[in-house]
Structure formats: C-alpha cells, structure tokens
Amino acid sequence: MPHDHDHPHDHTHEGGGGQTLPSDMALRVKALESLLVEKGLVDPAALDAIIETYERRIGPRNGARVVARAWTDPAYLERLRADATSAIAELGYGGRGGEHMVAVENGPGVHNLVVCTLCSCYPWPVLGLPPAWYKSNAYRARAVSDPRGVLAEFGVSLTATTEVRVWDSTSEVRYLVIPERPAGTGGWSEDDLAALVSRDSMVGTALIPEPRSRGRGA
Amino acid sequence: MPHDHDHPHDHTHEGGGGQTLPSDMALRVKALESLLVEKGLVDPAALDAIIETYERRIGPRNGARVVARAWTDPAYLERLRADATSAIAELGYGGRGGEHMVAVENGPGVHNLVVCTLCSCYPWPVLGLPPAWYKSNAYRARAVSDPRGVLAEFGVSLTATTEVRVWDSTSEVRYLVIPERPAGTGGWSEDDLAALVSRDSMVGTALIPEPRSRGRGA
Amino acid sequence: MNGVHDMGGMDGMGPIDARPEAALFHAPWEARVLALTLAAGAQGRWTLDESRFHRESLPATDYLPMPYYGRWFAALTDLLVKQGLISAQELSSGRADPAAPRATPVNAKAMVARLNLGGPAHRPQVRPPRFAVGDKVRARHLNPPGHTRLPRYARGHVGVIARLHGVHVLPDSNAHGRGEDPQPLYQVRFDACELWGDRAQAPSLVHLDLWEPYLEPV
Amino acid sequence: MNGVHDMGGMDGMGPIDARPEAALFHAPWEARVLALTLAAGAQGRWTLDESRFHRESLPATDYLPMPYYGRWFAALTDLLVKQGLISAQELSSGRADPAAPRATPVNAKAMVARLNLGGPAHRPQVRPPRFAVGDKVRARHLNPPGHTRLPRYARGHVGVIARLHGVHVLPDSNAHGRGEDPQPLYQVRFDACELWGDRAQAPSLVHLDLWEPYLEPV
C-alpha cells in the first residue's frame with residue numbers, strides 16, 4: 001500500500017446528521033436509555049447487571065481454567081475434544097455466545113487463529129467481550145488472507161513449515177484455541193498454569209512464553 | 001435495506017488530519033498548485049487550458065454529432081460498427097480517454113448501459129467529463145447487478161423482455177451508446193437530430209423521447 | 001448481501017492496533033449500548049440474525065469508520081423503530097408518548113439468567129445430511145440481497161467437509177422473519193491456495209461453518 | 001487488490017442521485033485538481049495505471065466517503081512525493097526547497113495537443129491470441145495484492161469471448177513499474193444469471209474487457 005498518511009476528505013454524506021463526536025454519542029445513548037426505561041422496555045438494574053457480568057464475572061480467566069484443565073487432565077482433554085460445550089460446562093461456563101463450542105489445539109507445527117470476518121463473533125462465556133483489535137476492520141479483513149502478517153503485527157513469528165489454521169466464525173459455533181503448554185511447567189498446579197494463559201493466546205494472536213524460572217512453592 | 005436515515009458516527013480514523021471541509025480543500029489545492037508552479041512542474045496557463053478544454057470544447061455535443069451521423073448515414077454507421085475509433089475521428093473527435101472506442105446500439109428489445117465499476121472510465125472525447133452520478137459509489141455498485149433498478153431511478157422503464165446489456169469499462173476501451181432514433185424525426189437534419197441527443201442517452205440512463213410536433217423549417 | 005461488513009480478504013483496511021487495551025470499553029456509553037442491546041433484545045421482538053442484518057445494512061460509508069458500539073447503537077434504534085417498540089417521534093423527542101402502552105422489562109435477575117442460559121441454535125435432525133466428513137464441496141456463488149453468512153471470499157471455492165455440527169437455524173431465513181428453516185451445518189476446510197491463489201501463505205487452512213444450502217457437491 | 005473501489009455488485013451504497021447537475025464541477029478546486037493531475041502527469045513520471053492504483057489504495061474508510069476529486073488530489077500528492085517530484089517537507093510547508101532543481105512544465109499548447117492525441121494502449125501482436133470469438137472462458141480466481149482490472153464479481157465465472165480488442169498494455173504489470181507486458185484483450189460476455197444467480201434480472205448481459213492472463217479455458 002502506498003499510503004500511511006492522513007488524507008483530506010469531505011464527509012458530505014453526513015448530511016444533516018449533525019454532530020458525531022463521542023460526547024454526542026454519550027448524550028444520544030443516555031437519551032435512548034431514558035426513553036426505553038420510561039417505556040418499560042428495559043430495567044436500569046438489568047443494564048447494570050449486564051455490564052457487571054462482563055466487567056467482573058465473565059472474562060478470559062474462564063478460558064484459562066479450561067486450558068489449564070486440558071493441560072493437566074488427559075480425560076478432560078478427551079472430553080473437550082469430543083464435546084467442548086459440555087466439557088466447558090463442567091467448569092461452570094456457558095451461555096450467551098458460547099452455546100456451541102469447539103476447541104482447537106496448537107501443537108508442534110500447528111497454530112490456530114480465530115476471527116469473525118462478518119461481524120465479531122467471539123466465545124463470550126470463556127473469553128468475555130472481544131478486545132478492540134478483534135472487532136477492527138483490519139483484523140477481520142486480513143486474518144483469513146494474511147494470517148502470518150497479522151501474527152507478525154502481534155509479535156508472533158512462526159516457522160515457515162508451521163501450518164496456520166484459521167477459523168472464521170460464520171455460524172453460532174465458537175472456537176477456543178488451546179495453546180501449547182510451555183516447557184518448564186511440569187508439576188505446576190492448575191491455578192498456576194491458568195495464570196500463564198493470556199486471552200490472546202486463546203484467540204491465537206499470542207504464544208505463551210516459557211516462564212522465567214522463579215522460586216515456587218511445592 | 002432497513003436504512004435511510006442518518007446515523008451518528010465518529011470519524012476517529014481521521015486522526016490528526018484536522019479539517020476536511022470543502023473550504024479547506026480549496027486551500028490545500030491552492031497550496032499544491034503554488035508549489036507545483038514554483039517547482040516548474042506545471043504551467044498555470046496549461047492548467048487553465050485543460051479546464052477550458054473540458055468546460056467549453058469537449059462535451060456531449062461531440063457524441064451527439066456521432067449519433068446523428070450514424071442515424072442518417074448508413075455507410076457511416078457501418079464504419080462505426082467496424083471501427084468506432086476511426087469513425088469518430090472522421091468527425092474530429094479523439095484523444096485522451098477515447099483512444100479505443102466501441103459503439104453499442106440500442107434497438108427494439110435491446111438497451112445498453114455503460115459503467116465503470118472500478119473507477120470512473122468514461123469516453124471523454126465524445127461525452128466530456130463524467131457527471132457526478134456516473135462517478136458515485138451507488139451507480140458503480142449497482143449498474144452491473146441491478147441495472148433495471150438503476151434505470152428506474154433515472155425514470156427509464158423497459159419492457160420485461162428487453163435485454164439489458166451492461167458494459168463495464170475495465171480496460172482502456174470506451175463505450176458509446178447509440179440510442180434509438182425517435183419516431184417522428186424523418187427528414188430531420190443532422191443538426192436538428194443532434195440537438196435531440198442527450199448525454200445520458202449515450203451512457204444508457206435515458207431514452208430519447210419522441211419530439212413533440214412543432215413547426216419546423218423545411 | 002454483498003456489504004462492506006463482509007471483510008474477509010479485503011485490502012486497504014490498514015494496520016492492526018495490537019497494543020493491549022486499558023479497558024473493556026473506551027467510554028461509558030459503549031457499555032450502556034451493549035447493555036441496552038441485550039436488554040431490549042430480551043423483549044423477544046427480533047432475532048440475533050435480524051440484529052446482525054441491521055448492523056450490516058448500515059450505509060457502507062457509515063459502517064466502515066463507525067466505532068463498534070456505534071454500529072450496535074444505530075442498528076438498535078433501527079430495530080426499535082421498525083418493530084414499533086418506539087416511534088420516530090419518541091426517538092427524536094426523547095420522551096415517551098403518554099398514550100402509548102407500557103411494556104414490562106426483563107429484570108436484573110432474569111436478565112443474568114438469560115445470559116447464563118444463552119440461546120442454542122441447534123435443532124433436531126429431520127433428514128440425513130447431504131454431505132459426510134471428507135466430501136469435497138463447492139461453496140455456491142450465491143448473491144442474496146438479504147442476510148447471509150457465506151462470505152464472498154469463499155464463494156465458488158472447493159473445500160472439504162471437516163465436521164458436521166448438527167442442524168442449525170439458517171440465518172438467511174431467520175434474519176428476515178421467514179422462520180428458522182434449520183439446515184445441516186458443516187465445518188468446511190479450505191486450502192489457502194484455493195482461496196487466495198498466488199497470495200496464499202502455505203501451509204495454511206481456512207475453516208468456515210457453512211449451511212447445507214450454501215454448498216454443492218463437486 | 002481487493003479494495004472497496006471494486007464496487008460492482010456491492011450493496012449498501014445507497015440510492016443514486018439522478019438529478020441533473022448544474023455544473024461540471026461542484027467547486028473551483030475540483031477543476032484545479034483535474035488540471036493539476038493531467039499537467040503533473042505530463043511530466044511522464046507515472047502511468048495512468050499507477051495513478052489508478054494510488055487512488056484505489058487510499059484507506060477504505062477514506063475512499064468511500066471522499067468526493068471524486070478528493071480521491072484524485074490524495075493520490076496525486078502521494079505520487080508526487082513517491083516519485084520525488086516534491087518532498088514531504090515541501091508539501092507540508094507549501095514552499096519549494098530553494099536547493100531543489102526546477103523542472104520544465106508542459107506549456108498550454110503542448111498540453112492541449114497531448115489531450116487531443118491521447119495515449120493509445122494497444123500494442124503490436126507478437127503471438128496468436130489463445131482464445132477466439134465464441135470460446136467459453138472462466139475468469140480466474142485471482143487475488144493479486146496489487147493493481148488489477150479483474151473485478152471480484154466476475155472471478156470464477158464463465159463467459160463467452162464476444163470480441164478481440166487486440167493486444168493491450170497489462171495494467172497489473174504496468175501499474176507497478178514492471179513494464180507494459182502487452183496481452184490480448186477480450187470483450188467477455190457474461191449472462192447476469194451466471195454472475196448474480198437468483199438475484200439476476202434476466203434477460204441481461206454484462207460485458208467486461210479482460211486480458212488473457214485473467215482467463216482460463218472451460
């Protein structure tokens with residue numbers, strides 16, 4: 001692309017739409033909320049509960065627990081492979097955006113990357129709400145056609161022979177990447193392992209680095 | 001489409017690009033012109049001459065003369081069919097944007113429509129510069145997939161059995177539509193006929209209405 | 001529909017901002033839009049497929065630069081008006097029409113229960129699936145004017161059935177109030193070379209979940 | 001490249017404003033941009049194909065809402081800087097570097113002569129064309145990252161050779177400084193049903209001019 005600087009342009013298509021600043025969005029949203037509350041369509045406490053749910057209760061710590069269990073319990077891994085939705089439900093996770101789960105495993109010579117090119121489908125119950133980059137036009141556009149370029153922008157470089165498996169979330173099925181368990185973690189507890197597992201590693205845009213040796217409790 | 005009203009949006013992608021108003025475009029263009037003149041890259045008189053050329057000398061009157069000649073001179077029509085570039089050059093028209101011309105003829109049950117989906121290629125020597133609608137995203141998008149819908153927006157309705165032939169100008173070949181000669185113009189002079197031929201009829205977004213009977217000189 | 005939302009393989013979308021984000025929401029209004037969408041959706045007056053269709057039906061020039069929750073907000077207001085839950089007059093005035101009936105909102109507890117429950121998209125199998133794992137299939141060259149989950153980049157290409165997900169609600173029908181029309185849903189594996197030709201980064205695979213009507217045997 | 005400029009068949013581009021325009025240019029700066037582009041282009045430092053590539057390489061979020069001559073202006077400044085005719089420093093300051101050499105502009109008379117002459121794209125035939133009128137051909141599933149004049153909507157579809165235009169400069173090569181690589185250019189006729197399936201408006205045909213490397217025998 002020959003381009004990386006700003007260009008003048010004229011948003012005449014905005015017509016009479018007026019202001020479109022973020023401060024204006026805040027006002028518009030507030031106005032809609034007031035209207036919907038007044039009409040009995042939404043309960044303000046329900047709005048707070050939804051936000052609380054995704055800000056505090058549901059997030060990538062859930063997925064990390066699934067990964068740690070899969071790393072340490074071969075029978076669990078088998079159940080995860082056979083029916084990820086049920087195996088994830090064993091740990092208490094499920095619901096909206098995770099009704100149909102499939103786990104895909106990284107391994108020697110195999111790396112998985114998840115995207116939703118058509119909107120921003122993402123496994124909410126195990127990863128929470130998607131980060132901005134996952135929802136960006138650029139990621140949605142390039143993850144399927146230029147996965148190595150995308151990974152490079154995340155600082156992930158794979159060997160030339162590594163097979164990249166991209167999963168485009170076109171249906172209600174959601175994909176969770178099971179990253180490779182890093183070396184040097186033999187005997188670690190599930191909790192300690194879960195603490196290593198980053199959100200991005202479960203989407204496929206990060207690897208889990210080998211932990212630096214450090215004093216650990218037995 | 002469920003949409004026809006304005007939507008709020010936030011042009012954060014403009015980054016530090018600052019103002020993008022038309023008045024700002026005028027200043028930016030003026031600044032670039034000054035710079036290019038100062039550097040000897042453009043001659044202000046040449047700029048004026050270019051604008052003069054397309055504002056005064058080259059426009060759809062040229063194409064109308066081609067059409068009128070084709071209507072009145074069967075031998076010319078044959079030459080136009082065989083080699084439109086040469087036939088058009090006979091009338092003195094040619095040059096930039098018209099190096100490779102093809103004429104396509106409307107007739108009973110056949111209607112032609114020209115578009116350039118990839119940019120806005122247009123036969124400059126015979127039609128001048130393209131109108132705004134020809135360059136619009138909407139026309140470029142829909143002329144190939146929804147030609148009857150597009151024609152309806154121009155007020156042109158065709159019978160269901162009329163074959164619509166769309167020409168997407170993907171190469172340097174340019175297409176000129178030869179509209180049907182309206183009834184009631186028998187014996188008219190080439191000049192009078194040419195006056196009937198609208199620009200849009202030579203792109204395919206208009207038909208030529210039958211002239212209202214009026215007193216005419218012999 | 002062939003919209004700009006269908007971004008897989010598009011160029012010109014810029015670099016990815018892979019920097020870690022500070023927060024889940026960039027502004028409080030984003031969280032409120034998320035919550036309003038889920039809470040108003042709980043009135044059961046539209047499906048998730050319909051909601052997606054309304055987002056992707058935003059005018060292309062608006063959709064592309066819009067922030068993610070800006071798209072949600074715009075689609076939500078459209079749906080509310082379209083379904084008669086609020087009137088255009090109420091939307092512009094911000095005040096409920098005193099004469100309009102009041103709805104009953106879903107309360108906080110019930111809302112959280114709904115999130116935890118989710119809304120599975122699988123349905124009972126009523127006939128045997130047409131394809132089996134290992135079958136070669138071609139994604140059809142469909143161009144529906146309405147909602148579809150068959151991305152443009154896969155159309156016309158040959159892949160292999162990698163998995164049968166069971167029978168799922170067909171978005172193409174469900175988004176338009178034409179019923180669920182459940183269809184077998186397959187995970188289809190495409191070689192990147194098949195999809196992207198010379199541009200492909202071998203070894204690389206792209207998987208999509210595609211409904212039976214999207215596929216034809218090879 | 002798969003850019004938003006490749007609009008054929010896209011939805012969401014809105015209605016067409018078919019009202020007659022009052023003037024050829026909406027503002028005087030538009031005329032100046034046209035003239036600056038043609039006059040600076042007369043320095044011979046880039047080809048028309050390269051110029052088109054720079055326009056379509058504008059970021060998608062900028063390209064879509066930009067007015068037509070805004071795109072020209074943005075691409076022109078890019079080309080001037082890229083070719084070293086002006087420096088980024090000169091562009092931002094608006095003043096020529098006193099130490100930089102001065103060019104010699106094309107004067108008004110020579111400029112008009114160039115417009116009248118044009119720049120034909122046909123070249124001598126060096127080998128027989130691969131296809132003949134009446135042959136069935138398939139437009140290849142190409143996805144070049146650079147410039148191409150094979151629209152996405154035609155890729156993978158079968159048409160019939162309707163005409164041989166001779167041998168023309170190949171834009172895919174010429175836009176990138178890789179030489180003219182002249183190739184046979186064909187007019188290919190596609191049935192609308194082949195391109196658009198159920199959405200097609202029969203009877204309707206779409207013709208594209210496609211170079212031999214875009215095509216494969218059926």
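All chains are named by letter (A, B, ...) in the order of the sequence lines, taking the proteins before the strands, and each is independently numbered beginning at 1. Values reported hereafter were calculated over all heavy atoms of this structure, with side chains retained and with hydrogens, waters and symmetry mates removed.
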* Asked: Where on Y63(C) is there a heavy atom nearer than 4.5 Å to chain D: the side chain, the backbone, both, or neither?
  -> neither

* Distance-only, no hydrogens or angles: does the D11(C) side chain make a donor-acceptor pair with backbone N or O of N2(D) under 3.5 Å? -> yes

* **Neighbour count >12 (heavy atoms, 6.0 Å) for atom NE2, H176(D)** => yes

* Exceeds 12 heavy-atom contacts within 6.0 angstrom, atom CZ of R178(D) -> yes

* To do: Look at G14(D), P144(D), G197(D), G156(D) and state which one has the largest set of heavy-atom pairs under 4.5 Å with chain C.
  => P144(D)

* Structure fact -> Closest non-hydrogen atoms of R152(D) and M10(C), given as atom of the first, atom of the second and distance, are NH1-SD, 3.2 Å

* To do: Under 4.5 Å, counting heavy-atom pairs only, tell me which of V4(C), N143(C), D6(C) racks up the most with chain D.
  => N143(C)

* Between H141(D) and H157(C), what is the ring plane arrangement, given parallel below 30°, perpendicular above 60°, and tilted in between? -> tilted

* Closest non-hydrogen atom pair between R199(D) and P145(C), with its separation -> NH2-CA, 3.2 Å

* To do: Select one option (side chain, backbone, both, neither) describing which atoms of R155(C) are under 4.5 Å from chain D's heavy atoms.
  => backbone

* Structure fact -> On a heavy-atom basis, the closest approach of L64(D) and L64(C) is CD1-CD1, 3.8 Å

